[in-house]
Amino acid sequence: MTDDPFVAHRSLLFTVAYELLGSAADADDVVQETWLRWAEVDRAVVRDPRAYLVRITTRQALNRLRTLARRREDYVGEWLPEPLLTSPDVAEDVELAESVSLAMLTVLETLGPIERAVLVLHEVFDVPYDEIAGAVGRSSAAVRQIAHRARQHVAARRPRMAVSRPEQQQVVDRFLAALAGGDVAALLDVLAPDVVVVADGGGLAPAARRPFAGRERVAAALSRFAEVAPGVPITTPLVNGAVAARIDPGGEFDTAVTFVVEDGRIARMYAVRNPEKLGRLDEVVELRR
């Protein structure tokens, strides 16, 4: 008895849905919907199960994206994707790690649903344009044009430099040491001049309602952490394929922070404090492409 293709590709389908939605809970729902449709299909007429399953997943994710867009209009403060605890093999796959980073997922949020689907399927999962056309209900020629526009849009907004995991770890360690010690000079040294912080509390945890920027402003805000939270536990797990910080897991200051590192300094920080988005940080989520 051969393995069910759905089981074999389940992690891939979750990854596709997560990259399109930025939410693990919604990605789980899409994968479940895909399974229900797969269970009703005559397998004998499916020539390429992987392509077929990706197409179903994409269609279900697009349907859900339209609903999510309305929900996010009422979201309190900044909306950030749901962070995931990931394995070292995701970090070692540079393209996958970049595509699931909170920085890239945030950029993808600025695309329309069809643009996002086309870009993700082609650039990350190497799905041919003809197959994408069937998934998004456009002609192959139109999909090529959409992909071109989406690439240009993302290229202007994506992080400029990819760095190795050891460099990420070194910079994050310097930052956390300065944070724990309330060392303003050390914070200034590890932050880029135009560093930007984006925080997501969802109205359920204290967080800045708008991004704030500038090394001095960010350092001043962060330097107070050591005073209000002395001795708070901080770990550096791999989150969304990169070295991150988990502050006070399960406690009053529960936060997941991911970073964009450029030229040996932190250029952007994404701090997720909404407790409803921190549930996938206790067990590794398997991502595949």
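Keep in mind that this is a model prediction, so the values were computed, not measured.
- One distance of note links CD1 of Ile56 with CZ of Arg37; it measures 8.0 Å at 0.5 Å rounding.
- Expressed to the nearest 0.5 Å, how far CG of Leu13 lies from CZ of Arg288 amounts to 13.0 Å.
- Arg289 places a side-chain N or O within donor-acceptor distance of the main-chain N or O of Val124, the cut-off being under 3.5 Å.
- With sequence neighbours left out, the side chain to side chain donor-acceptor pair (under 3.5 Å) criterion links Arg280 to Asp28.
- Scored by the salt bridge (Lys or Arg N to Asp or Glu O under 4.0 Å) test, Glu115 finds no partners at all (sequence neighbours excluded).
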Output, in order, the C-alpha distance, side-chain angles, deciding distance and verdict of side chain to side chain donor-acceptor pair (under 3.5 Å) for Arg157 and His153.
CA-CA 7 Å; Arg157 293 164 176 79; His153 178 92; 3.3 Å; yes

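- The list of salt bridge (Lys or Arg N to Asp or Glu O under 4.0 Å) pairs with a residue in residues 175-196, not counting sequence neighbours, reads Arg174-Asp189, Asp189-Arg265.
- Between Trp38 and Val46 there is a side-chain heavy-atom pair separated by less than 4.5 Å.
- The hydrophobic cluster of Leu204 has no other members, since no ILVMFWY side-chain heavy atom comes under 4.5 Å of it.
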Walk me through it: do Phe175 and Leu179 pass the test side chain to side chain contact (heavy atoms under 4.5 Å, CB included)?
CA-CA 6 Å; Phe175 167 77; Leu179 179 68; 4.2 Å; yes

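- With sequence neighbours excluded, no residue forms a salt bridge (Lys or Arg N to Asp or Glu O under 4.0 Å) with Asp173.
- For Ser23, the side chain to side chain donor-acceptor pair (under 3.5 Å) test picks out Asp26, with sequence neighbours left out.
- In this structure Glu109 satisfies the side chain to side chain donor-acceptor pair (under 3.5 Å) test together with Arg72, Arg116, sequence neighbours excluded.
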Asp29 and Gln60: side chain to side chain contact (heavy atoms under 4.5 Å, CB included), yes or no, with the steps?
CA-CA 9 Å; Asp29 288 345; Gln60 296 306 314; over 6 Å; no

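- The backbone N or O of Val243 lies less than 3.5 Å from a partner atom in the side chain of Gln168, making a donor-acceptor pair.
- To the nearest 0.5 Å, atom CG of residue Asp4 and atom CH2 of residue Trp35 are 9.0 Å apart.
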May I have the list of side-chain donor-acceptor pairs in residues 222-231 shorter than 3.5 Å, sequence neighbours left out?
unit_1: Ser223; atom_1: OG; unit_2: Ala219; atom_2: O; d: 3.3
unit_1: Ser223; atom_1: OG; unit_2: Ala220; atom_2: O; d: 2.9
unit_1: Arg224; atom_1: NH1; unit_2: Ala220; atom_2: O; d: 3.3

Thr236 vs Gln169, side chain to side chain donor-acceptor pair (under 3.5 Å): CA-CA, chis, key distance, verdict:
CA-CA 8 Å; Thr236 55; Gln169 187 74 57; 3.2 Å; yes

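- For residues 40-52, there are no side chain to side chain donor-acceptor pair (under 3.5 Å) pairs, not counting sequence neighbours.
- Scanning for salt bridge (Lys or Arg N to Asp or Glu O under 4.0 Å) contacts around Arg144 gives an empty result, with sequence neighbours left out.
- Think of Val76 as one node in a network of Ile, Leu, Val, Met, Phe, Trp and Tyr side chains linked at under 4.5 Å; it has no links at all.
- Closest non-hydrogen pair, Ala245 versus Leu176, comes out as CB-CD2, 3.9 Å.
- In this structure, Thr57 and Ala17 approach most closely via the heavy-atom pair CG2-CB, 4.0 Å.
- For Glu167, the CD atom sits in a packed shell: over 12 heavy atoms of surrounding residues, nucleotides or ligands are nearer than 6.0 Å.
- Taking each heavy atom of Val118 and Ala147 in turn, the nearest pair found is CG1-CB, 3.7 Å.
- The backbone N or O of Leu80 lies less than 3.5 Å from a partner atom in the side chain of Lys277, making a donor-acceptor pair.
- Note on Arg273 versus Asp254: no salt bridge recorded, every NZ/NE/NH1/NH2 to OD/OE distance being 4.0 Å or above.
- Although no hydrogens or angles enter the test, the distance criterion places a donor-acceptor pair under 3.5 Å between the side chain of Asn240 and the main chain of Val100.
- Not a single donor-acceptor pair under 3.5 Å links the side chain of Glu286 to the backbone N or O of Ser11.
- Tyr270 and Phe259 have their aromatic ring centers separated by at least 6.0 angstrom.
- Evaluation of the salt bridge (Lys or Arg N to Asp or Glu O under 4.0 Å) rule for Arg151 yields Glu123 as partners, not counting sequence neighbours.
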Between Phe212 and Val196, is the side chain to side chain contact (heavy atoms under 4.5 Å, CB included) condition met? List the steps.
CA-CA 6 Å; Phe212 59 101; Val196 177; over 6 Å; no

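- For Thr34 (side chain) and Gln32 (main-chain N/O), no donor-acceptor pair under 3.5 Å exists by modelled atom type.
- Phe14 and Tyr18 have parallel rings, their planes meeting at less than 30° on a 0 to 90° scale where 60° marks the start of perpendicular.
- Counting all heavy atoms, side chain and backbone alike, Ala117 lies closest to Val136 at CB-CG1, 4.1 Å.
- Checked by atom type, the side-chain pair Asp130/Ser140 shows a donor-acceptor distance below 3.5 Å.
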Could you walk me through whether Thr255 and Val272 pass the side chain to side chain contact (heavy atoms under 4.5 Å, CB included) check?
CA-CA 6 Å; Thr255 308; Val272 179; 5.9 Å; no

